Structure formats: C-alpha cells, structure tokens
Amino acid sequence: MTMFLNLQLLMIFSISYHSEAVIGRGALRLIRDKQYSTTQAWNSGIVQIYYGGWGNICDDSSFGSDEADVVCHQLAYTGASSYGNTGSITIYGTDTNLTAIEDVSCDYSSYLVLLQCSVSSHYSSLCSEDSYDLVVDCYSTRIWDSPSSGQIRLTGGEYSNIGLLEIYCNGEWGTVCDDGFYGTEARVA
C-alpha cells in the first residue's frame, strides 16, 4: 500500500514539476496562438516536441500521412484527418520556437510514439522558417474510446508522456500497482 501511494505521489509530483527529466524527450503538445493545452483537450494545432527543449517539427518532404497518424496516436487519438504546415494552415497562428526535428519517417502508421520513427535533429535552412512548422488535425476519437483488454493509457498528465498509468481489464479502467514496477517496466509502458 505504501509503495502504491508513493507511486501516486511521484506521478502527481511529475505532473506539477516541469524539468527536462520529468517531461522526457519525445513528449508532444499542441500549440494554438502561442498557448498549449494543459489538459490535452485539443485535437489540432501546431505540433511541438520536447527534444532537449520545446521545439517544432518541420513539415518537409519526408513527412506524410503515416507520420501524422503517429503524432495523433501519441496524443491518444485514433489518427490524423489532415496535416500541413503553418504556411498553408494559418488558423493556429505561428510560434517562434526553433525546429527540433525534421526528416521524420515512419515505417508504419500503427506506431504509437513518434520516436519509434527515424528523425533528424540536423535540419536544413528550409526548416528554419516558421511557415514549415507542422500542423495536425487529429480525429476526435480517443484511442481508448473502444479499448481492448490489456490496453494501457496515461491520464491526468499535462503532456503525452506524463500521468497516472491505467490498464483496461474486465471491462473497466484501473490503476497499475507499482509492486515490482521499476525503470524497465516504465520504459515498456
């Protein structure tokens, strides 16, 4: 019981403390008019990735529908209905963050995390323009709206990789006990 409470306190602490170690490389968030959703409530906007700091993803020639689907999967949506860049889709405004990654290439649209794909942090001059910042519009259906047994999710977090770990079992969502749950198990989850 004590370990379970400690895990819950750690996760609550993780949600409210914003250091690089807590946010973690690869976290995603959506931006609109230089504001980000703290509740992961938006299903569309400019995509930012935490890659040593918050930065944008360049919508270059390697980025396509598979990559957009993976972005939406990581944000807990079933896929992307459309994608583009701030040069062609202006309703979300622009931001002044630098490009963090480009040349995103996913072998499969079924990946759940963008860093399963190949990426480059060495970007071309094309990607230094704000007009190439990636914009996605994800379907509004959450991946856990029709869950399968054993599916996991993070809830209550401010970013896509922070929150309380839950598992779907016997027709309902429940929390995961932390007995024997260490770094390796966290990385797998």
Side-chain angles (χ1 to χ4, degrees), residues 11 14-16 18 20 22-60 62-86 88-89 91-95 97 99-119 132-148 150-168 173 186-189:
M11 289 186 176
S14 295
I15 291 169
S16 61
H18 303 287
E20 183 174 331
V22 174
I23 295 173
R25 184 176 176 157
L28 297 179
R29 67 183 183 184
L30 296 175
I31 302 289
R32 293 181 179 178
D33 295 319
K34 299 181 183 178
Q35 301 293 316
Y36 69 93
S37 173
T38 59
T39 60
Q40 296 185 25
W42 299 338
N43 66 323
S44 59
I46 300 169
V47 182
Q48 288 190 337
I49 187 168
Y50 194 86
Y51 209 77
W54 287 107
N56 297 320
I57 299 171
C58 183
D59 177 24
D60 57 13
S62 67
F63 200 92
S65 60
D66 285 351
E67 292 75 19
D69 281 341
V70 174
V71 166
C72 291
H73 293 162
Q74 184 169 339
L75 293 169
Y77 295 101
T78 55
S81 60
S82 65
Y83 69 94
N85 56 52
T86 53
S88 62
I89 303 171
I91 60 174
Y92 305 115
T94 59
D95 68 11
N97 283 43
T99 297
I101 62 171
E102 72 161 333
D103 295 331
V104 177
S105 180
C106 303
D107 292 332
Y108 304 100
S109 65
S110 59
Y111 287 160
L112 296 177
V113 180
L114 194 62
L115 292 184
Q116 288 178 285
C117 307
S118 65
V119 302
Y132 284 90
D133 295 345
L134 174 66
V135 173
V136 295
D137 186 1
C138 302
Y139 295 115
S140 59
T141 307
R142 293 291 195 161
I143 58 174
W144 55 72
D145 286 352
S146 298
S148 56
Q151 185 173 338
I152 61 172
R153 69 180 182 184
L154 292 173
T155 60
E158 198 166 326
Y159 304 107
S160 62
N161 65 339
I162 297 173
L164 181 64
L165 180 62
E166 295 181 333
I167 188 166
Y168 191 76
W173 288 101
R187 283 187 292 281
V188 170

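Hydrogens, waters and symmetry mates are skipped; everything else that's a heavy atom, side chains included, is used. Bear in mind the structure is a predicted one, so any value in this text is a computation, not a measurement.
In this structure, Y92 and S44 have side chains that are in contact, with non-hydrogen atoms separated by less than 4.5 Å. Inter-residue side-chain proximity for N97 and D133 is flagged as unmet; no heavy-atom pair is nearer than 4.5 Å. A heavy-atom distance below 4.5 Å is not found between the side chains of V113 and V70. Taking 4.5 Å as the limit, some side-chain heavy atom of F63 sits within range of a side-chain heavy atom of V71.
Taking CG of L30 as the start and SG of C72 as the end, the distance is 8.0 Å to the nearest 0.5 Å. For the atom pair OH (Y132) and CG (L134), the distance works out to 13.5 Å, reported to the nearest 0.5 Å. Distance check, rounded to the nearest 0.5 Å: CG of D33 to CD1 of I91 gives 9.5 Å. Distance check, rounded to the nearest 0.5 Å: CG of L165 to CG of L154 gives 6.0 Å.
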Q) Hey, mind stepping through D59 and V135 against side-chain contact (heavy atoms from CB on, under 4.5 Å) and telling me if it holds? A) CA-CA 8 Å; D59 177 24; V135 173; over 6 Å; no

(Q) Does R32 form a side-chain contact (heavy atoms from CB on, under 4.5 Å) with W42? I'd like the steps, not just the answer. (A) CA-CA 9 Å; R32 293 181 179 178; W42 299 338; 3.7 Å; yes

Q: Applying side-chain contact (heavy atoms from CB on, under 4.5 Å), run through D103 and V119 and close with a yes or a no.
A: CA-CA 5 Å; D103 295 331; V119 302; over 6 Å; no

Q) For Q151 and W173, what are the C-alpha separation, side-chain angles and deciding distance, and is it a side-chain contact (heavy atoms from CB on, under 4.5 Å)? A) CA-CA 9 Å; Q151 185 173 338; W173 288 101; 4.2 Å; yes

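Nearest heavy atom pair, residue Y111 against residue Q116, reads CB-OE1, 3.4 Å. Residues G64 and Y83 come closest through the heavy atom pair CA-OH, 3.2 Å. Considering every non-hydrogen atom in both T78 and H73, the closest pair reads O-NE2, 3.1 Å. When all heavy atoms of T99 and C58 are compared, the closest pair comes out as CG2-CB, 3.9 Å. Smallest separation of non-hydrogen atoms from V104 and I101: CG2-CD1, 3.8 Å. Considering every non-hydrogen atom in both Y168 and S148, the closest pair reads CD2-O, 3.6 Å.
At distances below 3.5 Å, at least one donor-acceptor pair connects side-chain atoms of D60 with backbone N or O atoms of S62. Put simply, the side chain of E67 gets close to the backbone of C106: a donor and an acceptor are under 3.5 Å apart.
Taking the ring centre of Y50 as origin, the terminal cationic atom of R25 falls outside the region bounded by 6.0 Å and 45° from the ring axis.
Not counting sequence neighbours, the partners of S118 by the side chain to side chain contact (heavy atoms under 4.5 Å, CB included) test are S105. Residues satisfying the side chain to side chain contact (heavy atoms under 4.5 Å, CB included) test with S109, not counting sequence neighbours, are D66, D69. Applying the ring pair (Phe, Tyr, Trp, His ring centres under 6.0 Å) rule to Y51 yields no partners; only residues at least two apart in sequence or on another chain are considered.
Just one of I49, V47, L75 meets the side-chain contact (heavy atoms from CB on, under 4.5 Å) condition when paired with L114; it is I49.
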